[in-house]
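Being a predicted model, the structure only gives us computed values, none of them experimental.
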Amino acid sequence: IIICDVTENTDDACRTFNAIRHNEIGTNPFLCIIAVAWSPKQPLVNQVVDSGADVLVAAPVSPALILDRIDSLVNNRKPFVVTSEYIGPDRRFLDDRESEIELIDVPNSLREKALGRFDSSRHKDLVAATRTRINDQKIDRRAFQISYLADKIIQDFQNGTISNAGARIREIAKVTDDLKSRSFSAGAFELEELCVPLRSVIDSLISSRGKFSRKDMELLGQLSLAIRASVRPGQRGTSLAKDISQTVTNAAG
């Protein structure tokens, strides 16, 4: 369990929580996290919630209050949800997140230790299996995000209003790089292959400095559709990857 005062160094603490949840720090992204803050204002509350922490308590706190929160994490920990940017406890009662998002009961080493039944080997296997499940969900969310951003960029191009295109292109580049890495980790090599020509098109858009070509727009649309299809069973993702990769190679030549 992590118990951390976030009053002074909120940004650093929340970045650390977020990195833990995204498996960038440590070996267990499902550690229980209790954040403590003196007179927490709404921006701080939002930042802690978005970081994936389990609990935020207002200081000063008594030992009894901390023990109560620990007991809640042992016996009533919230399941996790995965979105494009968030991994952490389900808090959809706080906002308008879509109701169809799958809930995931994550390994809880705190509970296992509190009940005296912690098994290191079994816990390691559970963490690995749950990380794989979460990575699969992140792949799906990233594919949807790419499709959404591509549609917006193409729409701006068609309407002749590209003032927001720069930010969207930078975002789709970041999402594509993340999707490529996650696809490789998951062994989804056809999907990883699709990210290569997509990144080539994105680089072409970046270097064009706003003078987008119709060819790049068409390839962007085709590639984003192929990526979305490839994460859905029964779709032609594999053949689309090969066909469109060849199209981009020929176009570049």
Side-chain angles (χ1 to χ4, degrees), residues 17-33 49-54 77-92 95-109 111-112 121-151 171-199 202 222-242 244-245:
F17 300 160
N18 187 70
I20 290 170
R21 291 293 184 240
H22 285 81
N23 200 41
E24 297 167 2
I25 294 178
T27 58
N28 182 6
F30 313 116
L31 285 170
C32 294
I33 299 174
V49 167
D50 290 342
S51 74
D54 289 277
R77 192 183 191 187
K78 291 181 175 65
F80 276 32
V81 294
V82 179
T83 68
S84 296
E85 303 297 335
Y86 176 79
I87 299 174
D90 175 30
R91 292 193 176 91
R92 284 173 295 172
D95 53 33
D96 296 323
R97 286 181 185 148
E98 57 183 282
S99 60
E100 294 182 0
I101 292 179
E102 180 184 357
L103 299 179
I104 300 175
D105 289 320
V106 300
N108 188 345
S109 56
R111 174 179 172 80
E112 296 301 301
S121 178
R122 177 176 176 273
H123 178 71
K124 185 177 180 180
D125 290 343
L126 283 173
V127 167
T130 309
R131 281 167 52 190
T132 297
R133 186 177 172 192
I134 283 180
N135 191 54
D136 290 344
Q137 286 205 22
K138 287 292 287 187
I139 286 173
D140 183 77
R141 304 292 185 268
R142 289 307 199 195
F144 178 84
Q145 196 176 8
I146 284 171
S147 178
Y148 171 82
L149 288 167
D151 285 348
E171 181 67 15
I172 200 172
K174 183 182 76 172
V175 174
T176 300
D177 291 343
D178 184 69
L179 178 61
K180 185 177 185 295
S181 174
R182 290 182 181 279
S183 300
F184 176 79
S185 298
F189 301 120
E190 294 87 0
L191 183 57
E192 183 196 10
E193 182 184 349
L194 267 176
C195 292
V196 176
L198 176 59
R199 195 61 166 89
I202 293 167
Q222 292 170 13
L223 285 162
S224 65
L225 285 173
I227 283 175
R228 191 72 185 123
S230 68
V231 300
R232 297 297 184 183
Q235 299 292 330
R236 298 189 304 116
T238 302
S239 61
L240 280 169
K242 293 178 180 177
I244 297 176
S245 294

- [ ] Using a strict cut-off of less than 4.0 Å between a Lys/Arg side-chain nitrogen and an Asp/Glu carboxylate oxygen, indicate whether Arg228 and Asp140 qualify as a salt bridge.
- [x] yes
TODO: Would you mind checking if Lys180 and Glu193 are paired as a salt bridge, meaning a charged N to carboxylate O distance below 4.0 Å?
DONE: no
Task: Verdict with supporting geometry, Val127 and Thr27, side chain to side chain contact (heavy atoms under 4.5 Å, CB included) - done: CA-CA 9 Å; Val127 167; Thr27 58; over 6 Å; no
TODO: Looking only at non-hydrogen atoms, find the nearest pair between Pro107 and Arg77 and report the distance.
DONE: O-NH1, 3.7 Å
Open item on the list: Tell me the closest heavy-atom pair linking Cys195 and Thr176, and the distance in Å.
Closed with: O-CG2, 3.8 Å
Open item on the list: So, taking the atom named CG in Asp151 and the one named CD1 in Ile146, what distance separates them when rounded to the nearest 0.5 Å?
Closed with: 12.0 Å
Task: Any donor-acceptor pair under 3.5 Å from Ser181 side chain to Asp177 backbone - done: no
Task: For the student: nearest non-hydrogen atoms of Phe30 and Thr130, plus distance - done: CZ-CG2, 3.6 Å
Task: Arg182 to Asn135 - nearest heavy-atom pair and separation - done: NH1-OD1, 2.9 Å
- [ ] Report yes if the side chains of Pro89 and Phe80 come closer than 4.5 Å at any heavy-atom pair, otherwise no.
- [x] yes
- [ ] Please confirm whether the backbone N or O of Leu103 pairs with a side-chain atom of Asp90, one donor and one acceptor, at under 3.5 Å?
- [x] no
Open item on the list: Just checking Phe184: does its CZ atom have more than 12 heavy atoms from other residues, nucleotides or ligands closer to it than 6.0 angstrom?
Closed with: no
Open item on the list: With heavy-atom distances below 4.5 Å as the criterion, would you say the side chains of Ser51 and Ile33 are in contact?
Closed with: no
TODO: Identify whether the distance between the nearest side-chain nitrogen and carboxylate oxygen of Asp54 and Lys78 falls below 4.0 Å.
DONE: no
Task: Donor-acceptor pair, side chain of Thr132 and main chain of Ala128, under 3.5 angstrom - done: yes
Open item on the list: Against Glu85, only a single residue in Lys138, Arg21, Arg142 fulfils salt bridge (Lys or Arg N to Asp or Glu O under 4.0 Å); can you say which?
Closed with: Arg142
Task: Interatomic distance, Ser185 atom OG to Glu192 atom CD [nearest 0.5 angstrom] - done: 9.0 Å
Open item on the list: Lys174 vs Asp178, test: salt bridge (charged side-chain N to carboxylate O under 4.0 Å, His left out). Steps then yes/no.
Closed with: CA-CA 6 Å; Lys174 183 182 76 172; Asp178 184 69; over 6 Å; no
Task: Contact check, side chains of Val106 and Pro79, non-hydrogen atoms, under 4.5 Å - done: no
Task: Distance-minimising heavy-atom pair for Ala53 and Phe17 - done: CB-CD1, 4.1 Å
Task: Validation row: Ile227, Leu179 side chains within 4.5 angstrom (heavy atoms) - done: yes
Open item on the list: Within the 3.5 Å criterion, strictly below it, is a donor on Arg141 or Gln137 matched to an acceptor on the partner's side chain?
Closed with: yes
TODO: Locate the shortest heavy-atom distance separating Ile172 from Ala150; write the atom from each residue and the value.
DONE: CD1-N, 3.9 Å
Open item on the list: What I'd like to find out is whether the side chain of Ile104 reaches to under 4.5 Å of the side chain of Val81, using heavy atoms alone.
Closed with: no
Task: Euclidean distance, Asn28 CG relative to Ser109 OG, rounded to 0.5 Å - done: 5.0 Å
Open item on the list: Are Glu190 and Ser230 packed together at the side-chain level, in the sense that at least one heavy-atom pair is separated by less than 4.5 angstrom?
Closed with: no
Open item on the list: I need the Leu149 CG to Phe144 CZ distance, nearest 0.5 Å.
Closed with: 10.0 Å
- [ ] Could you tell me whether the side chain of Leu198 reaches within less than 4.5 Å of the side chain of Ser224, counting heavy atoms only?
- [x] no
